[in-house]
Amino acid sequence: MMVVNFTIEMRRPHPEAIVVALDPGTVGTALSAPFQGGVPAGKLFSPATAANHFLPVIGTLPPADSGTLIA
């Protein structure tokens, strides 16, 4: 709901703004440490890799995707 509400508020002054939530997958940090054992090989990302995966996605989003969660 936070993303949806923020999208509504951002559209008023900035109609072309895009607000999304991005799921990075499982990132190798202390937060995910308890779950890392069950992550398939090649699916545990470093923080830098996870951030780099976001960049190509962000650049291609149309305003219609605003208010969504993208995994």
Side-chain angles (χ1 to χ4, degrees):
M1 282 309 302
M2 183 174 78
V3 173
V4 172
N5 287 336
F6 190 55
T7 298
I8 292 167
E9 294 302 322
M10 284 300 293
R11 279 189 180 150
R12 291 176 183 161
H14 307 286
E16 294 301 311
I18 300 171
V19 178
V20 295
L22 298 172
D23 179 355
T26 305
V27 179
T29 65
L31 180 65
S32 68
F35 312 104
Q36 292 177 12
V39 178
K43 294 294 183 178
L44 180 65
F45 304 114
S46 72
T49 298
N52 285 330
H53 287 168
F54 286 158
L55 296 176
V57 173
I58 292 169
T60 63
L61 296 175
D65 284 337
S66 199
T68 63
L69 167 64
I70 299 172

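Just so you know, these numbers come straight off a predicted model, no measurement behind them.
For residues 52-71, the set of pairs meeting the ring pair (Phe, Tyr, Trp, His ring centres under 6.0 Å) definition, not counting sequence neighbours, comprises Phe45-His53. The stretch residues 10-34 participates, sequence neighbours left out, in these salt bridge (charged side-chain N to carboxylate O under 4.0 Å, His left out) pairs: Glu9-Arg12. A side chain to side chain donor-acceptor pair (under 3.5 Å) check over residues 42-51, counting only residues at least two apart or in different chains, returns the pairs Ser46-Thr49. Counting only residues at least two apart or in different chains, ring pair (Phe, Tyr, Trp, His ring centres under 6.0 Å) contacts with residues 17-37 are absent. Sequence neighbours left out, not one pair with a member in residues 7-32 passes ring pair (Phe, Tyr, Trp, His ring centres under 6.0 Å).
Listed by chain and number, the residues in a side chain to side chain contact (heavy atoms under 4.5 Å, CB included) with Ile18 are Val20, Leu61, Pro63, Ser66 (sequence neighbours excluded). Residues passing the side chain to side chain donor-acceptor pair (under 3.5 Å) test with Thr29: none are found, sequence neighbours excluded. When the side chain to side chain donor-acceptor pair (under 3.5 Å) test is applied to Ser32, the partners found at least two apart in sequence or on another chain are Gln36. For the side chain to side chain contact (heavy atoms under 4.5 Å, CB included) test, no residue two or more places apart in sequence or in another chain qualifies with Ala51.
Val3 belongs to a hydrophobic cluster whose other members, connected by ILVMFWY side-chain contacts under 4.5 Å either directly or through intermediates, are Phe6, Met10, Val19. Taking Ile, Leu, Val, Met, Phe, Trp and Tyr as members and joining any whose side-chain heavy atoms lie under 4.5 Å apart, directly or through other members, the hydrophobic cluster of Val4 also contains Ile8.
Across all non-hydrogen atoms, the minimal contact from Asp65 to Thr68 is O-OG1, 2.6 Å.
Heavy-atom neighbours of Leu31 CG from other residues, nucleotides or ligands within 6.0 Å: at or below the threshold of 12.
Residue Leu55 holds its CG atom at 11.0 Å from OG1 of Thr60, rounded to the nearest 0.5 Å.
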